[in-house]
K.L.:
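Okay, handing you the structure first.
To find a chain, count down the sequence lines: A is the first, B the second, and so on, and within it residues start at 1.
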Protein chains: 4
Amino acid sequence: MDTRERIVNVASRLFYKQGYNSTGINQVIKEAEVAKASLYQYFPSKEDLLVEYLRVTAENTEKSLRAFIDKYSTPEEKALAVFDFILKFSKQADFNGCNFLNIAAEVPVDDARVRQLIRRQKDSIRSLFAGILKPAGKEKLADELYLLFDAALVTGKVHEGSWPVKTAKKMAEKLL
Amino acid sequence: MDTRERIVNVASRLFYKQGYNSTGINQVIKEAEVAKASLYQYFPSKEDLLVEYLRVTAENTEKSLRAFIDKYSTPEEKALAVFDFILKFSKQADFNGCNFLNIAAEVPVDDARVRQLIRRQKDSIRSLFAGILKPAGKEKLADELYLLFDAALVTGKVHEGSWPVKTAKKMAEKLL
Amino acid sequence: MDTRERIVNVASRLFYKQGYNSTGINQVIKEAEVAKASLYQYFPSKEDLLVEYLRVTAENTEKSLRAFIDKYSTPEEKALAVFDFILKFSKQADFNGCNFLNIAAEVPVDDARVRQLIRRQKDSIRSLFAGILKPAGKEKLADELYLLFDAALVTGKVHEGSWPVKTAKKMAEKLL
Amino acid sequence: MDTRERIVNVASRLFYKQGYNSTGINQVIKEAEVAKASLYQYFPSKEDLLVEYLRVTAENTEKSLRAFIDKYSTPEEKALAVFDFILKFSKQADFNGCNFLNIAAEVPVDDARVRQLIRRQKDSIRSLFAGILKPAGKEKLADELYLLFDAALVTGKVHEGSWPVKTAKKMAEKLL
DNA sequence: CATGAATGAGTATTCATTCAT
DNA sequence: AATGAATGAATACTCATTCAT
């Protein structure tokens, strides 16, 4: 694996696990086994590295999620599969809520670049639901399901066990 | 207003507005017009100040929220009023999402003291809903409404306008 | 001697001896035996320390110079004494030219604050000459003597021995 | 223009404009559109590049200066023409004082190689004046005119307008 | 009970230089 | 002869915390 990739992987893991502000450049370079100046060759500032983390994570999330729901056939099944996806995700040992909402809590309100990336990822989830539900003529439910999506991630982080995600799924079933 | 109170007020405002990690002790003592050693007399560490912020905010939130819903009579009206409360809150210029979920994104996963306080506040909201809905025999909806509560705060922070909060309220109406 | 004074003294010595850019904050705090944060408490940035160096040096230079020439009585003697002052200064082991012109060569052209301080010190020398020569009705020579002043310092730095300063004094004698 | 030449040209411009220490190798290679290793092939260290800058600049300055004064016939006219040369130079938008004295303010006192180059250039100016004045039997004035030369450059840098250069010329006229 | 000077470990970032290709 | 990725040491600066008064 090449240098740049190693940096992004390590930073992604640490930003998610510990938060952006609590992760120092020194820890990133140490765990990525990379010289400090090498990191700065690829990412002129820590924020640039954050932006890449958000970009890559959004991309990967969308890809995995689409792959996951593609296994289902009806719109309703697909929509519910999204919550199974979250359930699986939330059961992982390193689950720590939503990558994007966590960052949103850390960056200043006036950081336009980062906040736009976050909003964009969220909008892609709304679009995903809308795309799924269109064939069934239930597009209007997209925003509601998206709210449950955020709730599952965020509330699932705070409480022990999987009940928030499961409850969100149950609510989604009612809606559909 | 006395010293300790001034510290807590200023810290609360800054922790919510800028985040915990982005708020330095120096800024707190400067804006509170307090000597550094005075702050450390009341709060031996920055985390102790954070804990007090969470405690006071939980208390004040619960108080205001209860006062707000007390103006309504039926359980259903009271439950929906919670979302009007969020709507009002979210329209304030300095709205920045949920005080507690924001902190949850900033502190290490293994910070038991802080995470417990956050969970406790969230549980108090679940109980509030449960208490409201009990007379109507709809206690089972408490967790669902609480999920919508979190969603309204968190999703309302990321997007422009009030549609997330309004959508959450609409979903609550359906449930009831 | 108190902390702040120690910082300024050490910084002054090093800025003059090694130059501003070649002197690191770390060297200053080490030689001043002061903690890094202490330095930054007194001087929020390295440039602020530079500004203080220029201020203090201008003040001290003016004071010593005035004290030195006060020992002479006629305007002509006083004016020439300025060059004896430089001669004495230039013979010191650590002589490294003009404190102010050295800095002028190091700071960006657009650093208004620093450049103004430098110009101001130079103007105070012009005024000094003007004040000395006024009683003799030779004020018009002030700028010419000031040019020789700068030349003595700057050319005296580049060459071995004291001939530049002595030549400057000889030229001053001719003018008077 | 070949690689080496491009490097020297860019470095010369930047060293003069921004100073030696404030000019990074990266800026040089970027503006010269040259690979980093190429620069280090021609100049094993940054100081080597500095040395070449001083060498080339000394050469070019002497050439232009001689060409400029050759247009005049008498020793006195030639000597004064030197100050017209400075006047022209000082009126250029990018005038920033004396190339050599600026560097002298930036390099450590014990950098023998660089300081010798600087002194050598200054001596070449003294020789130039001596050569000019010899036919008129005024060689003894060479050092005095050279002092005015340095003063014109250095004082002309600090103050607004051209008065220092003009005053230096006027003083030269008196001497001759 | 209050003060503010002092601290040491930490931050993000930049430097001139080297090396494998 | 030319490349550009990689390096380690240094840079200016900030942090939460302590201590003598």
K.L.:
Contact class for B:Thr23 (heavy atom, under 4.0 Å): base, sugar-phosphate, or nothing?
P.N.:
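Since only primed, P, OP1 and OP2 atoms lie under 4.0 Å of B:Thr23, the category is sugar-phosphate.
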
K.L.:
Take atom CG of A:Leu39 and atom P of E:dT11, then tell me their distance rounded to the nearest Å.
P.N.:
14 Å

K.L.:
Using heavy-atom distances to pick each residue's nearest nucleotide on DNA chain E, tell me which of D:Lys46 and A:Tyr20 is more 5'.
P.N.:
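With A:Tyr20 and D:Lys46 compared, the 5'-side residue is A:Tyr20.
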
K.L.:
Taking atom P of F:dA9 as reference, at what distance in whole Å does atom CD1 of D:Ile25 sit?
P.N.:
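Nearest whole value for this atom pair: 20 Å.
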
K.L.:
Separation of B:Arg4 atom CZ from E:dA2 atom C1', in whole Å?
P.N.:
16 Å

K.L.:
Can you find a pair of side-chain heavy atoms, one from B:Asn96 and one from B:Lys157, that are under 4.5 Å apart?
P.N.:
yes

K.L.:
Tell me, please, whether B:Tyr40 has B:Lys46 positioned over its six-membered ring: NZ or CZ under 6.0 Å from the ring centre and within 45 degrees of its axis?
P.N.:
no

K.L.:
Give the rounded distance in Å between these two atoms: CD1 of C:Ile29 and P of E:dG8.
P.N.:
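One finds 10 Å between P of E:dG8 and CD1 of C:Ile29, rounded.
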
K.L.:
Can you tell me how far P of E:dC15 sits from CG of C:Asn21, to the nearest Å?
P.N.:
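That distance rounds to 11 Å.
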
K.L.:
Check whether any side-chain nitrogen or oxygen of A:Ser38 sits under 4.0 Å from OP1 or OP2 of F:dT7, and answer yes or no.
P.N.:
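Result: yes.
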
K.L.:
For the residue pair B:Tyr53 / B:Asn99, report whether a side-chain donor-acceptor contact shorter than 3.5 Å exists.
P.N.:
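There is such a pair (donor and acceptor under 3.5 Å, judged by atom type) between the side chains of B:Asn99 and B:Tyr53.
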
K.L.:
Have B:Ser12 and B:Asn9 got a donor and an acceptor in their side chains that come within less than 3.5 Å?
P.N.:
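No, because no side-chain N or O of B:Ser12 sits under 3.5 Å from a partner of the opposite role on B:Asn9.
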
K.L.:
If each of B:Tyr40 and C:Asn26 is mapped to the nucleotide of DNA chain F with the nearest heavy atom, which maps nearer the 5' terminus, i.e. the 5' end?
P.N.:
C:Asn26

K.L.:
Phosphate oxygens OP1/OP2 of E:dA2: is one of them under 4.0 Å from a side-chain N or O of B:Thr3?
P.N.:
yes

K.L.:
Establish whether the base of E:dT13 is bridged to the side chain of A:Lys36 by a donor-acceptor pair shorter than 3.5 Å.
P.N.:
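Result: at least one qualifying N/O pair found.
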
K.L.:
Could you identify the nucleotide paired to F:dA5, looking across every strand shown and requiring Watson-Crick or G-U wobble geometry with both distances under 3.5 Å?
P.N.:
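Here F:dA5 is engaged in a pair, and the nucleotide opposite it is E:dT18.
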
K.L.:
What is the distance from CG of D:Asp2 to P of F:dA2, rounded to the nearest Å?
P.N.:
8 Å

K.L.:
Would you classify D:Tyr42 as touching base, sugar-phosphate or nothing, given that sugar-phosphate means primed atoms plus P, OP1 and OP2, and contacts are heavy atoms under 4.0 Å?
P.N.:
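Sugar-phosphate only.
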
K.L.:
For A:Gly24 and B:Ala35, take the nucleotide of DNA chain E holding the closest heavy atom to each; which residue's nucleotide lies nearer the 5' end?
P.N.:
B:Ala35

K.L.:
Can you find a side-chain donor-acceptor pair between B:Ser45 and B:Asp48 that sits under 3.5 Å?
P.N.:
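Checked: B:Ser45/B:Asp48 side chains pair up, N/O donor to acceptor below 3.5 Å.
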
K.L.:
Roughly how many Å is it from CD in A:Gln41 to P in E:dC15, rounded to a whole number?
P.N.:
13 Å

K.L.:
Could you state the CD-P distance from C:Glu33 to E:dA6, rounded to the nearest angstrom?
P.N.:
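Whole-Å distance recorded here is 14 Å.
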
